[in-house]
J.: 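Once you've had a glance at the structure underneath, I'll fire off some questions.
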Amino acid sequence: MELTEAQFHRYARHLILDEVGEEGQARLLAARVLVVGAGGLGSPLLLYLAAAGVGTLGVIDDDRVDLTNLQRQIAHATARIGMDKVASARQAVAAINPEIRVETHPIRLDAANVAGLVARYDLVADGSDNFATRYLLTDACCAAGKPLVAAALAPFDGQLSTFKPYLGAGHPCYRCLFREAPPPDLVPRCETAGILGAVAGVVGTLQAVEVLKELLGIGESLSGTLLMYDALGASFHRVKLPKDADCPTCGAGAPR
Ligand SMILES: [Zn+2]
């Protein structure tokens, strides 16, 4: 793919990097990424991936923009309260980079639609806030052999990893960590627990960096490692994630 003159200017600070260059930029422009959730994580994900020139962004969210979202969900705007989040996200992306194709999915991810959606994209970025979605994406991405860059938020903390269990040893999936979802009443969501808004921005931005690294094939993948951010301690922490040989999703006995 030949870059246009406008693209040479827009992506100039990528093009001078040996790790990106024209070939890497062309790869980003050809890439298709599904962003699950257009909320606190999805907002910085969508904005940075659009700015970086990821050519096609799918966005799935069945919610509408609410005034209480705006403290952290920076893809949305006061003037768009009441609008579908996917439509609002499309406008935010277009304002930054009108050449990005946005495929909006104003639906809830479920067992019936997840495989079809995942099949249409090269990589999935999970910015959802619930375990049901996380497990659906874990199983579907493993089965389809697609990288899953997933993050989760707590009021002053975030966690991030990349899952590529189809690569075998050393590459666990989310279910290797947490076999079953905890009971819903043990899992506070942003709506009930609160969150320092900028924490979502840090973690969603880290997630965008990892998505770009996976698309470009540069640096060290987070597959097999959980990166944890503690905002109050101003610290990052990494832990190795073991692969569970008996994992029902990616273990030896898992259905293929
Ligand atoms: Zn697994």
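All values below come from the heavy atoms of this structure, side chains included, with hydrogens, waters and symmetry mates left out.
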J.: Mark yes or no for whether K164, through its side chain, and K146, through its backbone, hold a donor-acceptor pair below 3.5 Å.
T.: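 Here the side-chain-to-backbone pair does not exist.
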J.: Side-chain contact, heavy-atom cut-off 4.5 Å: L117 with H105?
T.: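 When only atoms from C-beta onward are counted, H105 and L117 do touch, with a gap below 4.5 Å.
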J.: Closer than 4.0 angstrom, basic N to acidic O: yes or no for E103 and R120?
T.: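 A salt bridge is present here (some side-chain N lies under 4.0 Å from a carboxylate O).
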J.: Determine the interplanar angle of the F131 and Y174 rings, folded into 0 to 90°, and report it as parallel if under 30°, tilted if 30 to 60°, perpendicular if over 60°.
T.: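 Judged by the thresholds at 30° and 60°, the geometry between F131 and Y174 is tilted.
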J.: Check step by step if side-chain contact (heavy atoms from CB on, under 4.5 Å) holds for L123 and L34.
T.: CA-CA 6 Å; L123 179 152; L34 178 63; over 6 Å; no
J.: Quick one: do N97 and Y11 satisfy side chain to side chain donor-acceptor pair (under 3.5 Å)? Show the steps, please.
T.: CA-CA 11 Å; N97 191 344; Y11 305 117; 2.9 Å; yes
J.: Between A50 and V93, which heavy-atom pair has the shortest distance, and what is it?
T.: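 That closest heavy-atom pairing would be CB-CG1, 3.7 Å.
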J.: At their closest point, which heavy atom of H76 faces which heavy atom of S88, and how far apart are they?
T.: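 Here H76 and S88 meet closest at ND1-OG, 2.7 Å.
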J.: Give a yes-or-no answer on whether the side chains of E214 and S221 include a donor-acceptor pair shorter than 3.5 Å.
T.: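 Yes - a donor-acceptor pair under 3.5 Å links their side chains.
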J.: State, yes or no, whether a side-chain contact exists between L177 and L241 at a heavy-atom distance under 4.5 Å.
T.: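 They are in contact (side-chain heavy atoms under 4.5 Å apart), so the answer is yes.
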J.: Has S223 got a side-chain atom pairing as donor or acceptor with H171's backbone, closer than 3.5 angstrom?
T.: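 Here the side-chain-to-backbone pair does not exist.
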J.: Any donor and acceptor pair, going by atom type alone, linking the side chain of Q25 with main-chain N or O of E22 inside 3.5 Å?
T.: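 Such a contact is absent between Q25 side chain and E22 backbone.
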J.: Going through the checks in order, is the side-chain contact (heavy atoms from CB on, under 4.5 Å) test met by L15 and V20?
T.: CA-CA 6 Å; L15 298 174; V20 184; 5.7 Å; no
J.: Counting C-beta onward and ignoring hydrogens, is there a side-chain heavy-atom pair between V124 and V149 closer than 4.5 Å?
T.: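 V124 does not reach V149 side chain to side chain.
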J.: Would you mind reporting whether C141 and P147 have side-chain heavy atoms less than 4.5 Å apart?
T.: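 Not in contact.
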J.: When you look at D230 and F156, which way does the side-chain contact (heavy atoms from CB on, under 4.5 Å) test go after all the steps?
T.: CA-CA 6 Å; D230 168 6; F156 297 100; 5.5 Å; no
J.: Closer than 4.0 angstrom, basic N to acidic O: yes or no for D122 and R32?
T.: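 No salt bridge links D122 with R32.
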J.: So, D61 and R108, do they make that salt bridge, N to O below 4.0 Å?
T.: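 Looking at D61 and R108, the cut-off is not met.
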J.: Measure across L226 and S161 and return the closest heavy-atom pair with its distance rounded to 0.1 Å.
T.: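 Shortest heavy-atom contact: CD1-CB, 4.0 Å.
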J.: Taking NZ, NE, NH1 and NH2 as the nitrogens, is one of them in E220 or R238 under 4.0 Å from a carboxylate oxygen of the other?
T.: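 Looking at R238 together with E220, the answer is yes, because their closest N to O distance falls below 4.0 Å.
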J.: State, to 0.1 Å, how close G204 and P44 come at their nearest heavy-atom pair, and which atoms those are.
T.: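 Taking G204 first and P44 second, the nearest heavy atoms are CA-CG, 3.7 Å.
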J.: Check whether any side-chain heavy atom of N69 sits under 4.5 Å from a side-chain heavy atom of K85, and report yes or no.
T.: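 SC-SC contact between N69 and K85 confirmed.
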J.: Does the pair Y229 and D157 meet the rule for a side-chain contact (heavy atoms from CB on, under 4.5 Å), with working shown?
T.: CA-CA 5 Å; Y229 171 58; D157 299 272; over 6 Å; no
J.: Would R101 and T56 count as a side chain to side chain donor-acceptor pair (under 3.5 Å) if you check the C-alpha gap in whole Å, the side-chain angles of each, and the deciding distance to 0.1 Å?
T.: CA-CA 5 Å; R101 288 175 297 277; T56 303; 3.0 Å; yes
J.: Salt bridge check, D244 against R179: does any charged N sit closer than 4.0 Å to a carboxylate O?
T.: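 A salt bridge is present here (some side-chain N lies under 4.0 Å from a carboxylate O).
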J.: Would you tell me whether D126 and S128 have side-chain atoms, one donor and one acceptor, within less than 3.5 Å of each other?
T.: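 Side-chain D/A pair, D126 to S128: present.
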J.: Where is the tightest heavy-atom contact between V114 and A140, given as atom of each residue plus distance?
T.: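 V114 and A140 have their closest heavy atoms at CG2-CB, 3.7 Å.
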J.: Please tell me if the side chains of L222 and L160 come closer than 4.5 Å, counting only heavy atoms from C-beta onward.
T.: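 With C-beta onward as the side chain, the pair touches.
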J.: Tell me if a side-chain donor or acceptor on R90 pairs with a main-chain N or O of V59 at a distance below 3.5 Å.
T.: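 No; judged by distance alone, with no hydrogens or angles, the pair does not exist.
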J.: Please check if the side chain of R27 supplies one atom and the backbone of L216 the other of a donor-acceptor pair under 3.5 Å.
T.: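 Yes, because the side chain of R27 sits within donor-acceptor range (under 3.5 Å) of the backbone of L216.
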